[in-house]
Amino acid sequence: TMENNKNEEKPLLFTLRRFHLSEDYGFLLPNPLSELPAFYGPWMEIANNLPHLIQSHQLHSWGLTSRHRELRLAHLALSFITMGFVWQEGEVETVKLLPQNLAVPYWEISQMLGLPPILVHADFVLANWKKKNLNGPLEIENLDTIFSLPGGESLRGFILVTFLVEKAAAPGLKAVVQAGNAILQPDKEALHKALQEMAKAIKEMTDALKRMHGNNTSSHLNVFRSLWKDNPAMPGGLIYEGVSDEPMSYSGGSAAQSTVLHAFDELLTIRHSKESTAFLHRMRDYMPPHHRAFIEEIQSAPSLKQHILSSGNEKLRIAYNQCVSVLADLRTYHVAIVTKFIVIAAANAKAKKGKPSHWAGNFQINPPSSLQERGTGGSGILNFLKSVRDTTRSILCPVS
């Protein structure tokens, strides 16, 4: 029928399901496993006991699984073990070589997932959560991390608050898909509704971020999420024994590896400075491939901003501007948090240099000097955050 032909000419842009994304969980891994099959017991035993093994300096080196959630758990466990192994003596005695029995399976699992062999946001936050009571709500009181590192409650708080920010973003991702499809239809009402939903989700992300209190983040977070790229403590990178004779360099876990803001930036056509864009694009290599593909799909779609400007629709311009404003607010709040915690903590650490800093019980380690002004991803952190916030603000549509 003509009706069918008409529908076939207007394919829907995309769906979350095509990218293995969930309406409820967004980029979070839904219901991560917390146990691997018995064969992998030694990994789980070490990963579950990391805070103690690292504090007592006892972390020594010791067929693959194919299901996605099992691979994600294996990558999470091996990432935490590797971080503990490399950094347990702090920056003074960093390890230069990852032993073969850790390096080879870590490399192979990373290849199967399309992730690098280092702790990334997709491990640290997206796949590192479980409910205490399975029937209870997805709220911080009912959540726990699967693995931890020295830093106890403050590290756990940091991970779980970041989880809540990702969770709050999920309706926003659904709205991104609806907005993209509404442009293709075209359907002004559906587009307006999608933009309103997106603005609401971004505002809820900021509200979630406000739970990041003083005790929820600290210096030990940075050293264990640290990097072997552009880090003076590890100028040559790390040798993955049995994988390559040459040292390899990777950036540490960073909020810039979260796909959420990349997706919003692409939809709203926010173009950051050359330097910031280069850094953000490099961070995409640290995302699961289906998350990266989601961003690329939005990037290749018709421009939302052009569509709204050429429509001459005032209501759409106002809704678009609302999305941009709340996104700038989120970034402003992120600048405030980073200023307060990372920079002040690093300055305190610098003042105490030479004195052991008591991070967790009797766990002593020298402060991460290389990270005082740089984020764990290796960017000049405050300059970068202010720059992306300012470019966000600058793209508001003119409204009569």
Side-chain angles (χ1 to χ4, degrees), residues 13-14 16 19 21 26-27 165-166 168-207 209 255-274 276-281 283-284 287 291-335 384-399:
L13 171 60
F14 57 145
L16 289 173
F19 298 91
L21 301 178
F27 292 112
V165 175
E166 289 277 351
L173 299 176
K174 192 175 166 186
V176 165
V177 168
Q178 288 165 341
N181 291 334
I183 293 169
L184 287 189
Q185 294 300 312
D187 181 339
K188 285 193 175 76
E189 278 312 307
L191 181 54
H192 185 256
K193 185 170 182 292
L195 291 172
Q196 286 183 312
E197 288 297 315
M198 187 171 151
K200 185 178 165 207
I202 297 170
K203 190 175 178 313
E204 283 175 5
M205 288 168 69
T206 308
D207 292 341
L209 195 56
Q257 294 169 2
S258 166
T259 316
V260 171
L261 295 185
H262 291 251
F264 293 155
D265 278 349
E266 289 300 344
L267 184 75
L268 298 169
T269 331
I270 298 171
R271 297 282 172 258
H272 297 295
S273 73
K274 194 175 165 189
S276 296
T277 300
F279 170 67
L280 286 166
H281 279 241
M283 290 299 102
R284 291 181 186 180
M287 296 174 187
H291 294 186
R292 199 160 57 236
F294 183 74
I295 305 170
E296 286 159 5
E297 184 79 18
I298 303 165
Q299 211 173 352
S300 64
S303 162
L304 167 71
K305 189 173 186 183
Q306 284 313 312
H307 177 80
I308 288 173
L309 287 172
S310 59
S311 76
N313 185 310
E314 192 76 353
K315 205 166 96 166
L316 286 179
R317 285 190 195 201
I318 290 167
Y320 172 88
N321 282 350
Q322 182 59 20
C323 288
V324 172
S325 289
V326 290
L327 185 54
D329 292 344
L330 172 63
R331 286 182 154 140
T332 297
Y333 195 77
H334 193 187
V335 168
F384 164 73
L385 291 174
K386 286 174 181 169
S387 166
V388 294
R389 188 265 320 273
D390 294 344
T391 46
T392 304
R393 275 187 185 151
S394 70
I395 63 134
L396 291 163
C397 280
V399 177

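The basis for the numbers below is simple: all heavy atoms, side chains too, and nothing from hydrogens, waters or symmetry mates. When a residue number appears, it is its place in the shown sequence, counting from 1.
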- Message: Please list all pairs meeting salt bridge (Lys or Arg N to Asp or Glu O under 4.0 Å) that have one or both residues in residues 187-200, counting only residues at least two apart or in different chains.
- Response: Glu189-Lys315

- Under 3.5 Å: donor-acceptor pair, side chain of Arg292, backbone of Met287: yes

- Message: What I'd like to find out is whether the side chain of Leu195 reaches to under 4.5 Å of the side chain of Gln178, using heavy atoms alone.
- Response: no

- Between atom CG of Leu304 and atom CD of Glu266, what is the distance when rounded to the nearest 0.5 Å? 12.0 Å

- Item | Distance (rounded to the nearest 0.5 Å) between Leu330 CG and Thr206 OG1 | 4.0 Å

- Query: Sequence neighbours excluded, which residues qualify as side-chain contact (heavy atoms from CB on, under 4.5 Å) partners of Ser276?
  - Reply: His272, Ser273, Phe384, Ser387, Val388

- Item | Verdict with supporting geometry, Leu309 and Arg317, side chain to side chain contact (heavy atoms under 4.5 Å, CB included) | CA-CA 7 Å; Leu309 287 172; Arg317 285 190 195 201; 4.0 Å; yes

- Item | Counterpart residues, side-chain contact (heavy atoms from CB on, under 4.5 Å), relative to Arg393 (two or more places apart) | Ala328, Thr332, Arg389, Asp390

- Could you tell me which residues satisfy ring-ring contact (aromatic ring centres under 6.0 Å, His included) with Phe264, sequence neighbours excluded, listed by chain and number? none

- Message: Nearest 0.5 angstrom please: Ile395 CD1 to Ile270 CD1, how far?
- Response: 4.0 Å

- Query: Can you list the residues that meet the side chain to side chain donor-acceptor pair (under 3.5 Å) rule with Glu166, with sequence neighbours excluded?
  - Reply: His121, Ser258

- Rounded to the nearest 0.5 Å, what's the gap from CD on Gln196 to CG on Leu191? Could you check? 10.5 Å

- Task: Hey, could you give me each pair passing salt bridge (Lys or Arg N to Asp or Glu O under 4.0 Å) that has a residue in residues 168-182? Not counting sequence neighbours.
- Result: Glu23-Lys174

- Task: Would you please test Leu261 and Leu327 for side chain to side chain contact (heavy atoms under 4.5 Å, CB included) and show each step?
- Result: CA-CA 9 Å; Leu261 295 185; Leu327 185 54; 3.7 Å; yes

- Task: Could you list the residues that satisfy side chain to side chain donor-acceptor pair (under 3.5 Å) with Thr259, not counting sequence neighbours?
- Result: none

- Looking at Ala175 and Ala194, what are the two nearest heavy atoms and their distance? CB-O, 3.3 Å

- Query: Yes or no on side chain to side chain contact (heavy atoms under 4.5 Å, CB included) for Val176 and Met198, after CA distance, side-chain angles and deciding distance?
  - Reply: CA-CA 7 Å; Val176 165; Met198 187 171 151; 4.2 Å; yes

- So, for Ala201 and Pro171, which heavy atoms are closest and what is the spacing to 0.1 Å? CB-C, 4.2 Å

- Message: Which residues pass the ring-ring contact (aromatic ring centres under 6.0 Å, His included) test with His291, not counting sequence neighbours?
- Response: Phe27

- Only counting residues at least two apart or in another chain, list the ones meeting side chain to side chain donor-acceptor pair (under 3.5 Å) with Arg271. none

- For residues 299-312, pull every pair meeting side-chain hydrogen bond (donor to acceptor under 3.5 Å, both in side chains), keeping only residues two or more places apart or in separate chains. none

- Atom OG in Ser325, atom CD1 in Ile318: separation rounded to 0.5 Å? 11.5 Å

- Hey, is the main chain of Ile308 close enough, under 3.5 Å, to the side chain of Tyr320 for a donor-acceptor pair? no

- Query: Residues in salt bridge (Lys or Arg N to Asp or Glu O under 4.0 Å) with Arg331, at least two apart?
  - Reply: Asp265

- Note on the structure: Tightest non-hydrogen contact, residues Ala263 and Leu173, listed as CB-CD2, 4.3 Å

- Message: Using the side-chain contact (heavy atoms from CB on, under 4.5 Å) criterion, which residues pair with Ala256? Sequence neighbours excluded.
- Response: Ser254, Phe279, Leu280, Met283

